[in-house]
Number of protein chains: 2
Amino acid sequence: MDAERDEPIRQRLTRGEAKARTRALLLDAAARVFARKGFTGASVEEVAEAAGFSTGALYSNFDSKEALFLELLSHRQTDRITEAAQALNSHEVGTGEAAAELGRLLIDVADKDIDFAPLQAEFWLYAIRNPEVLDTLAAKLREPRRALEDVISTSLARQGAPAGVSPEAVATVVAALFQGLVRQRRIDPSSVSEALFGQALKWIFVGISASDVPAPDDGD
Amino acid sequence: MDAERDEPIRQRLTRGEAKARTRALLLDAAARVFARKGFTGASVEEVAEAAGFSTGALYSNFDSKEALFLELLSHRQTDRITEAAQALNSHEVGTGEAAAELGRLLIDVADKDIDFAPLQAEFWLYAIRNPEVLDTLAAKLREPRRALEDVISTSLARQGAPAGVSPEAVATVVAALFQGLVRQRRIDPSSVSEALFGQALKWIFVGISASDVPAPDDGD
DNA sequence: GTCTATAGAGCGATAGAC
DNA sequence: GTCTATCGCTCTATAGAC
């Protein structure tokens with residue numbers, strides 16, 4: 001509509017671009033603040049200020065504090081499980097290299113990406129307390145899980161696992177173990193060494209290959 | 001000091017007993033309410049009313065909302081891991097009976113004891129956000145973990161596991177897997193069947209026995 | 001579109017009656 | 001020891017200036 005004035009703005013953004021940038025900055029800040037203070041414990045003012053804006057700007061971009069949180073929950077889940085799948089893909093499962101890489105990933109998530117696990121915990125708590133978003137969270141987790149499942153599936157085939165073993169089941173176990181160990185490391189780092197996750201995966205894959213075929217019936 | 005009046009109270013409690021009963025009721029209610037609404041999301045009035053008292057009674061028994069929560073965190077952790085250890089103890093690890101029993105326990109915790117997992121999550125989030133209680137939480141988890149470790153230790157010996165395998169490491173893996181699967185079942189029950197936990201444990205123990213001795217150096 | 005200022009509601013904690 | 005009433009504060013969300 002009206003021509004953009006050539007004010008000395010950083011990169012000459014159109015209005016739409018500027019708004020999108022504000023939204024993105026607010027979402028980044030929200031992820032940090034919600035992770036550190038919790039959804040209910042964090043105030044919208046804290047989130048807005050962490051992004052360099054005021055509460056008015058926040059409410060011009062999101063309907064409510066809850067809407068901002070739900071946007072994070074459903075559209076900004078940078079899932080580290082996908083990275084695990086890639087680590088498993090680049091090396092052979094059960095080898096020392098894959099184990100080492102996965103161990104490093106776990107320690108990295110637990111020690112460096114300090115906001116990841118608490119934010120996931122906030123999502124999980126919100127979802128089980130507000131069942132209407134349970135499906136949203138499940139859907140968001142399905143995609144990286146599928147990636148993990150694919151990698152596991154081919155690995156199982158390659159190492160000649162019994163036919164009855166379901167890749168879904170193994171993927172569920174691997175993901176649950178990963179999350180559980182990350183949390184345990186935050187409580188007591190010495191109990192979760194860098195080698196532990198890789199070691200556990202080796203046990204699991206060796207155990208699968210060595211097992212007989214009594215297929216676990218998957219389903220509830 | 002003064003003789004107790006024989007008022008027609010339910011069971012004729014001394015003052016001290018009555019106060020202890022009130023405290024216990026408040027703690028029970030706090031566990032429920034904090035699990036369902038979160039520590040910050042729950043109000044002290046909600047907790048007090050859930051116990052059948054007023055906020056005044058609550059503050060006469062606890063210094064603050066936080067003190068009540070910390071009392072729960074440090075002294076009322078009914079840990080289900082201990083039950084897992086007992087289930088593992090009554091049967092031989094790796095057998096179908098032990099697997100079935102552990103599967104049942106996991107489903108029970110996830111589906112029936114609906115307040116357990118969210119309350120643990122609240123404890124974990126509070127601890128990582130308030131590092132001064134990290135040790136308190138770690139200490140509270142150490143006891144049941146030790147029980148699990150003992151059972152695993154004897155099981156490993158009985159089934160002739162390689163010498164380099166540390167029972168602590170296996171116990172950490174088993175506990176992490178348990179918690180991870182319970183949480184996953186709350187999101188998507190169909191992905192965590194009753195058989196899955198037992199199956200995963202079988203894989204792990206078979207895998208340990210079949211593994212060579214490259215001991216994972218435990219320690220950070 | 002973003003700011004400042006504020007309305008309106010709910011909360012943690014305390015005081016005083018009993 | 002427990003209850004009722006309330007203080008003081010913080011919060012979400014909105015209104016109006018720019």
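Convention: sequence-line order gives letters A, B, ...; per-chain numbering from 1.
Distance OH (A:Y59) to C1' (D:dA15): 14 Å, rounded to an integer number of Å. Taking atom CD on A:E66 and atom P on D:dA13, their separation rounds to 8 Å, with Å as the unit. Straight-line distance from the CG atom of B:L26 to the C1' atom of D:dG1: 12 Å, rounded to whole Å. Distance CD (B:E49) to P (D:dC3): 10 Å, rounded to an integer number of Å. For B:E45 and D:dA5, the CD to C1' distance is 12 Å, given to the nearest whole Å. Between B:K37 atom NZ and C:dG12 atom P there is a gap of 11 Å when expressed in whole angstrom units. In this structure, the CD atom of A:E17 is 14 Å from the P atom of C:dG1, given to the nearest Å. Following rounding to the nearest Å, A:L13 (CG) and C:dG1 (P) show an atom-to-atom distance of 14 Å.
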Exercise for the section: Begin from the C-alpha positions of B:W124 and B:Q120 and carry the test side-chain hydrogen bond (donor to acceptor under 3.5 Å, both in side chains) through to its verdict. Expected result: CA-CA 6 Å; B:W124 181 81; B:Q120 299 301 315; over 6 Å; no

Exercise for the section: Test A:E101 against A:E97 for side chain to side chain contact (heavy atoms under 4.5 Å, CB included), laying out the working first. Expected result: CA-CA 6 Å; A:E101 189 136 349; A:E97 296 88 49; 5.9 Å; no

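A distance-only check finds no donor-acceptor pair linking the side chain of A:D188 to the backbone of A:Q184 [under 3.5 Å].
More than 12 non-hydrogen atoms from other residues, nucleotides or ligands lie less than 6.0 angstrom from CZ of B:R129.
Nucleic acid contact for A:A42: sugar-phosphate only, since backbone atoms but no base atoms lie under 4.0 Å from a heavy atom of the residue. Residue contacts for B:S54: at a heavy-atom cut-off of 4.0 Å it reaches a base atom on one of the strands shown.
In this structure, of C:dG1, C:dA13, D:dT14, it is C:dG1 that holds the atom nearest to the side chain of A:S60. Of the candidate nucleotides D:dT12, D:dT2, C:dG12, D:dT2 has the atom nearest to the side chain of B:A57. Closest to the side chain of A:F53, out of D:dG1, C:dT2, C:dA13, is C:dT2.
Looking at which nucleotide of DNA chain D each of A:G56 and A:V44 is closest to, the 5′-most match is held by A:V44.
Checking the phosphate oxygens (OP1, OP2) of C:dT2, a side-chain nitrogen or oxygen of A:T22 falls inside 4.0 Å.
Ring centers of A:F69 and A:F123: under 6.0 Å apart, within the cut-off.
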